[in-house]
Every structure is written in C-alpha cells, then in structure tokens.
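Report on the following structure.
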Amino acid sequence: MAKFYGNIRALEGVSLEVHAGEISCVLGDNGAGKSTLIKIIAGLHRHDAGDLLIDGVTTTLGSPREALDRGIATVYQDLAVVPLMPVWRNFFLGSEPTKGRGPFKRLDVTLMRETTRAALLRMGIDLRDVDQPIGTLSGGERQCVAIARAVHFGAKVLVLDEPTAALGVKQSGVVLKYVAAARDAGLGVVLITHNPHHAYLVGDRFVLLKRGAMAGSHTKDSITLDELTRQMAGGSE
Ligand code: ATP
C-alpha cells in the first residue's frame, strides 16, 4: 500500500495483515507513517496504490462512517469523549438507540446505564458509577471504556492509536490487559505503538515502519523482544 502527500512519501510498499483473534502491532518512530496507516484503515484517507482487502475482497473505504459500518472501530489517542457527560452517555455517543430519539426516555436511560455497566463488566471493568462524568476517569480508564465500547457495538477490527503513550507503567499494564481481552473476544486488533515492550507483551504480529517503508515484519514466534527492540532502535534486520 502507498500514500503520498504531494511528493512526500508517507507510506510505500507497506503491508499489514489483521486476523480475527490476533493483535497486529505497528511499530515506528515519529514520521514513520503510523498515523497515515490508521487514517487509511479508518476511512479518513484514500491510499494512492495497493489494495485494502476485507475478508479477501478488495475494498475502498470512503469515510469513517463506512469503515465503522464495515466493522472497523478506531480509538484515537485524543479520545472523542465529552468530558462532562456521564460515562454511559459517552458509551452510547453516536450509537444511541433510534427508538428513543430526542430526549432519552427514562426507561431507555436506565437500560443504557445497565448496558454500559454490563458491557464494561464483561471486559472485567467493574465501574460501579457509570453516572460520573467520563472526564473524572483516568486516561487509562477512558481507554478501557473506549475498548469495551468497540467490543460491545460489534466491531470486528479494533484500531488503537498509541493507547499507552501518555500512561504510566501501572495504567499501561491495565490498558494492555483490556487490549488482550478484546483479542480474546475474537476481534482483530491493530495496536499502534512505539514501545516494543508493550507490543511484545500482547502482540501476535509485528510490522516495523521507518520513514514510510517496511523495516520488518514478524510473528511472535519468529522474533525475540531483544531483537524487536534492537530493530526499533535502528539496527538492521
Ligand atoms: P507521529 O508518531 O509523529 O504521528 P507517524 O508515524 O504517525 O508519526 P505520519 O504522521 O503518518 O507518521 O507521517 C508520515 C510522513 O508523512 C511524515 O513525513 C509526515 O511529515 C508526512 N505527513 C503526514 N501528514 C501529512 C499531510 N497532511 N501533509 C503532508 N505531509 C504529511
């Protein structure tokens, strides 16, 4: 796959496989092309060459809505949440039940609260107060809510844009646990990161990008963490 911005090569010759029940990690430093790749998968940008295949069929994604309809959910670093709204309302943002259009009916609200609580619990997140504004949760907890949301609304592919970038060690561990839970729920996960340790902890496949080109493609059993770290740091294959 290739993408150019004018004569700037953002991606060229890059290939990524995503399988149900697996985590494909995309690793690369700043400017490697990670965001460009996400934007193509999320339907925000069109690629200039190469093919995007879903279930073996060549596809073009004309918009983020189309990507979502095809089962591709993307969780960006700056999560699209409304901080002052309760957790449950953020959980349903953009996916409100069509029956109760306009102000939510009392019954619907109760149902949506319960649904949110249950969906979080299914992922192992025991958040008792789903009425609290989502802005009061930690960055890691907000990532976890976003992951649970994608699983609940039936995403087949979950794309995570550096979910641990702004987190400390403990919170990163918690988020990675939920990333693994999404994989175990049968989703194909694309984990974008520049942390080889985080990638190796949960990943099944690893694609290394450097200045828009492939610098390596490995499965978990074909590379050690030390070698992955070395390649990330600039060593050759
Ligand atoms: P970062 O981690 O810093 O976000 P990245 O790996 O996500 O980096 P991209 O943002 O995809 O990398 O950028 C890849 C290349 O494409 C870079 O050289 C960047 O300057 C360039 N680029 C990205 N977006 C645009 C744009 N809209 N117009 C022109 N050049 C762009």
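Both ligands and their constituent atoms are indexed starting at 1 by order of listing. The shown structure was predicted, so the numbers you read here are calculated from the model rather than taken from an experiment.
With sequence neighbours left out, the salt bridge (charged side-chain N to carboxylate O under 4.0 Å, His left out) criterion links R70 to no other residue. Not counting sequence neighbours, E66 has no partner by the salt bridge (charged side-chain N to carboxylate O under 4.0 Å, His left out) test.
Defined by atom type and a distance below 3.5 Å, a donor-acceptor pair is missing between the side-chain atoms of T193 and N195. T36 and Y5 form a side-chain donor-acceptor contact under 3.5 Å, judged by distance and modelled atom types alone.
Side-chain contact between V179 and V189: present, with at least one pair of heavy atoms (C-beta onward) separated by less than 4.5 Å.
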Which donor-acceptor pairs under 3.5 Å do side chains of residues 150-162 form with protein atoms, sequence neighbours excluded?
residue	atom	partner	partner atom	Å
H152	ND1	R122	NH2	3.4
E162	OE1	H194	ND1	3.3

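Ligand 1 lies under 4.0 Å from heavy atoms of Y5, I8, A10, D29, N30, G31, A32, G33, K34, S35, T36.
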